[in-house]
Amino acid sequence: MESLTFRHTTHKPLPGSVPNAIIGVVASGNLEILLERVLPPDACEIAIETPIAGYGDVWEAVVADFVARAQPGGIRISINDGGARPDTVSLRLLQGARLMEA
Amino acid sequence: MTLAEILASLFPNGHDVTVEDGLVSGTGPFADGRITVVGIDGDTPLGVDGALRLSRIVLDAIRKGDRSPILVAVDSDSQRMSRRDELLGLNECLAHLAKALLLADRSGHPTIGLIYGHSAAGAFIATALATRVLAALPGANPSVMDLPSVARVTKLPLDKLEQMAKSTPVFAPGLDNMVATGAVHVVLDPGKPLGDQIRDLITGMEPGDVRDRLGAERGGRPVARAVAAAVIDQARRG
Amino acid sequence: MTEWRGERQARDARIAAGRTFAEGKVVPAGAVVDLLEVILRPGDRVCLEGDNQKQADCLARGLSACDPAKIHDLHMVQSGIVLPEHLDVFETGIAKRLDYSYSGPQGARIAKMLYGGQIELGAVHTYLELFARYFIDLTPNVALIAGVSADRNGNLYTGPNTEDTPTVVEATAFKNGVVVAQVNQIVDRVPRVDIPGDRVDFVVEADKPFYVEPLFTRDPAAMTETQILIAMMAIKGIYAEYGIRRLNHGIGFGTAAIELLLPTYGEKLGLKGKIATHWALNPHPTLIPAIESGWVKQVHCFGSEVGMDRYIRERPDIFFTGADGSLRSNRAFCQTAGLYACDMFIGATLQIDLMGHSSTVTQSRVAGFGGAPNMGSDPHGRRHPSDAWMKAGREGQIVGDPALMRGRKLVVQLVETFGDKLVPTFVEKLDALELARKIGLELAPVMIYADDVTHIVSEEGIANLLLCRDADEREQAIRGVAGYTEVGRGRDRAKVEELRARGIIRRPEDLGIEPLDADRALLAAKSIKDLVHWSGGLYEPPAKFRNW
Amino acid sequence: MAGDRAASIDPDALSWYEATARQRVAALADPGSFQEFLPPTERRMSPHLPLFDLPRAFDDGIVVGRATLDGGPVLIAAQEGRFMGGAFGEIHGGKLVGLLRAALDLKPKAVLILFDTGGVRLQEANAGETAIAETMRAIVEVRAAGIPVIGLIGGRAGCYGGGGLIAGTCSRLAVSESGRISVSGPEVIETNKGAEEFDSRDRALVWRTMGGKHRRLTGGADAFCADTVFAFRRAALGLIGRAPAFDLATLEAEQARLEDRIARFGDCRDATDVWRRLGVNDPETVPAMDTDAFEATVARVREADHDAR
């Protein structure tokens, strides 16, 4: 298992007031994402546990694009990966952000 | 120990326990009354027919209402793996046998499991693991799945699994590991009369299901008990 | 004196020798090896019918059991290398040389045998190419074919899976060859005559029915949100924009998702009757909901599909069927239709390079091409216009007299940026090149050449390569939809944004599609069982696809 | 906790088979009523899976908590069949055991177990096996306290291995066509006894032998549901009201019921033979029947309904 952590500063907090949400399932080619509104409003932290080593730069790029797009300030994101492809990761991240905005 | 040796040690004055098609049944003198013996011998797989024969004996014992102890002696294979057994509802038959033993326990019959050989999977759950106290004799070999099969399913090399098995009781087959998880309460001393040891077990029976506590104490199941307790705690807090 | 009838006399002699094991034309299954050993000659060109789906498996077993001392050095000319026996004959020396099209399940073994020199390779063809060569320089001396039933005169019913049989027989029977047919059953009267009896010399009643592989069944239960998103983009950004009515679909999950979105998403976009009405397509079970909702006018088929026979029989307005009611498929005609009569081919691939060349070859497998390159190419011989064809032509034409402009066929690659096990689809260099070098192929096994590809659709967006004006734009357009692959991350972001501004790259949001709306709820059928319901119980899926 | 998008999805249309465990629970319970114990934020993850280099789940593949069903308090456990095949590991099992023990205190109207499991998680086999035994004992105690334990089965992983034994311990079971209940899985039988004994690739055979329709017709399950969360909700509400007691009379009746089954069908090779003897006129048509037609067939089979469980 490989552990990765990325920290970002956002321009604004993620809208909404849902304290936490979970989306997805840890299964082959899938992942679960836990989102918790526990950080300062301009901070976002993403911690990943993945069984597939060596894709740190891909994760970094996926996460950076998500942060730029969703501006998930205040959110700590924890990911249990089951070997998901980057497009699935992006989709789940956006789905998770949408749940928190509800 | 063989079944014959066990019975000889338990019942030095004789008994009427017989084995037919690998199914053990009968009674023997015990304390002031008699003890009912059921079980599986000779590494026999447990199918629908066997399960119902054993459950019939247990229900008959309950109906008598004498609160006599029931000994479940096990040297079995796993559940019988066949199309016929599954077609006929093996899950119901094995569960029924387990329920009969659990009802016996609730009805005041001390139920004692005694594993002296192999047992695995569904057969193990429906018999030995459905008793209040599960004792083992040295040399017993309970397992969920043998390591080569685990290697096949998990796609891990066998030698690595064998290495891991030494330090991780939670997955590896064998008596020591089942003791560590709390499933087997105690290993008896074959050098001493079994009757006395079983009497002591009955005397020392505790209320409730102590297996997760034993697993925590023995280190074979480090977190199960705490998790169950935390669920209960959160449920109460509402 | 020149001998003008030598081939004919040789043929007659082979047939006469074979007759000793036959009663009339009928040969018992137990005598197959005897028959083959007397009608074959060392060095013969032999077509052992291995189609995309049906297999002359009884004859294949017979051929592989022949004595290599008697029968050797055959030149196999067959479209499919599918059964183990198809390669066993090269190990024993019965066969030496091979010309073929497709080798799906045997792709790894064939690569190994090519590398080891056990097979002398002619070429890996497309279907139409190999069929064409049957009539020019690869004409079989003996054809070993498969049918459903025959009468004692050799009249043959090939059933819904007619596939390659008419082509193979045509080339063999009319050029002094011998035709042996295995059938599941000998009957007094065949349901319909697919092959007239005077073209069939021997009929073998097989020990068991010929094997048919369900190649085109895609279980909707396995479709992912990513595939649905890609399908939505394709429908809205390509089918609708070009008004594609006549088309061919590949066999992947992506195109199956499109089929399942037509009655839902397509309906919502008001596209019914405007797109996807006429098809060159195998009878995909996933097309059932679109057919049942009135989207589809007609479908011509290469072959059949396991479980679809009853459904097809009850929908003769849609499918080509015989007087007996069952499907008539024909691979050669349908490939031709796919090449010339369709405005679009859309299908998946395993690798695309920076120019848009694509290949399904990986380092250790030579799967062949089948028909994809036939349909996935722009036919320069086409001379009839259609709106879609002309629009694509206008987009692609940058120089020359507009009055002399011709149209373009749309060749669309539908890909997810990563395949199984995080293998990237977009690569700097195709594995096909390395493989060609390793086993000494003169021609790298490229499935679709870059100059034929017009669009690439990935979950990141659509790249319209017709609109690219130079090689650099083309490369950046491809990088711009290559997602998080190394190729994608290597993009020139500014250039990609410029291409996006010009509509060469279009993102889901540019098409008015919200990626989070890509939900399995959009699928007209979410399971094989749903397909059965759509078909009114007429579709009978193979056992391995059932969960009831 | 905001679960999957279940809350916004109509339970009428939400497929049980397709839904995740969280979606099932959210859509099954009264809207907004579900309250989870040991939610993912507590990160109670398997201490053992990292040894095998396997990913963990925040909830170890089971969701447990309380909710209301038509206003009545219930406890719910839902297995996630997609995580490790829904198999019982140490924490997974501990959560279910804890929930059942809590029922003795809380006295809910019922405990619902949404099975979706291949049985024991091999990487934690001893813990899983023991947890199954503990679960069965806990169910018996809950039932003896007069609280129905209802099993709902219709997920991808089915209800196999020890899960099948737990199901057999419940007061009542509802099953959909996709649901399978069995001890040995088809692949396990094939691996051990050969494809002649059981061809696991013959999916129609798998479902005839282990699937929801066979179990319902033979009385192995008490209700048959269309594959929607709504149908399971309605079935659960119906079953709660008619749960058999856990006592000697019930087990004597079950003994007689199962002995009778073996006497009557013990020589049948295939489920269709069983169905024919049960009085189903055209047994070959059973797999293709829709829910209504099948319900009508079940209504004519005396053995399907009983209190002997």
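In what follows, chains carry the letters A, B, and so on, assigned in the order in which the sequence lines appear, proteins first and then strands, with residues in each chain numbered from 1.
Highest contact tally toward chain D, considering only B:Thr168, B:Val170, B:Val227, B:Val144, is held by B:Val170 [criterion: heavy-atom pairs under 4.5 Å]. Ranked by heavy-atom pairs shorter than 4.5 Å toward chain D, the options B:Ala51, B:Ala226, B:Ser78, B:Cys93 are led by B:Cys93.
A salt bridge between D:Glu252 and B:Arg63 is present, with a side-chain N of the basic residue lying under 4.0 Å from a carboxylate O of the acidic one. Ion pairing between B:Arg221 and D:Glu124 fails under the 4.0 Å rule for side-chain N and carboxylate O. Salt bridge B:Asp212/D:Arg101: present, at least one basic N to carboxylate O contact under 4.0 Å. For the pair D:Asp267 and B:Arg84, the salt-bridge criterion is not met [side-chain N within less than 4.0 Å of a carboxylate O].
Heavy-atom distances place the side chain of D:Arg215, and not its backbone, under 4.5 Å from chain B. No part of B:Ala229 comes within reach of chain D, as not one of its non-hydrogen atoms sits under 4.5 angstrom from that chain. Of the two parts of B:Pro222, the backbone and the side chain both hold a non-hydrogen atom closer than 4.5 Å to a non-hydrogen atom of chain D. Of the atoms belonging to B:Thr131, it is backbone heavy atoms, and not side-chain ones, that fall under 4.5 Å from chain D. Contact annotation for B:Ala123: neither backbone nor side-chain heavy atoms come within less than 4.5 Å of a heavy atom of chain D.
How far CG of D:Asp199 is from CZ of B:Arg83: 9.5 Å, rounded to the nearest 0.5 Å. In this structure, the separation between CZ on B:Arg106 and CG on D:Leu248 is 13.0 Å, given to the nearest 0.5 Å.
Residues of residues 155-164 of chain B lying under 4.5 angstrom from chain D, judged on non-hydrogen atoms, are B:Leu156, B:Lys160, B:Leu161, B:Met164 in numerical order.
Side-chain polar atoms of D:Thr209 and B:Glu86 form no donor-acceptor pair below 3.5 angstrom.
A donor-acceptor distance shorter than 3.5 angstrom exists from the side chain of D:Glu129 to the backbone of B:Ala121, with no hydrogens or angles considered. A donor-acceptor contact shorter than 3.5 Å is absent between the side chain of D:Gln255 and the backbone of B:Leu59.
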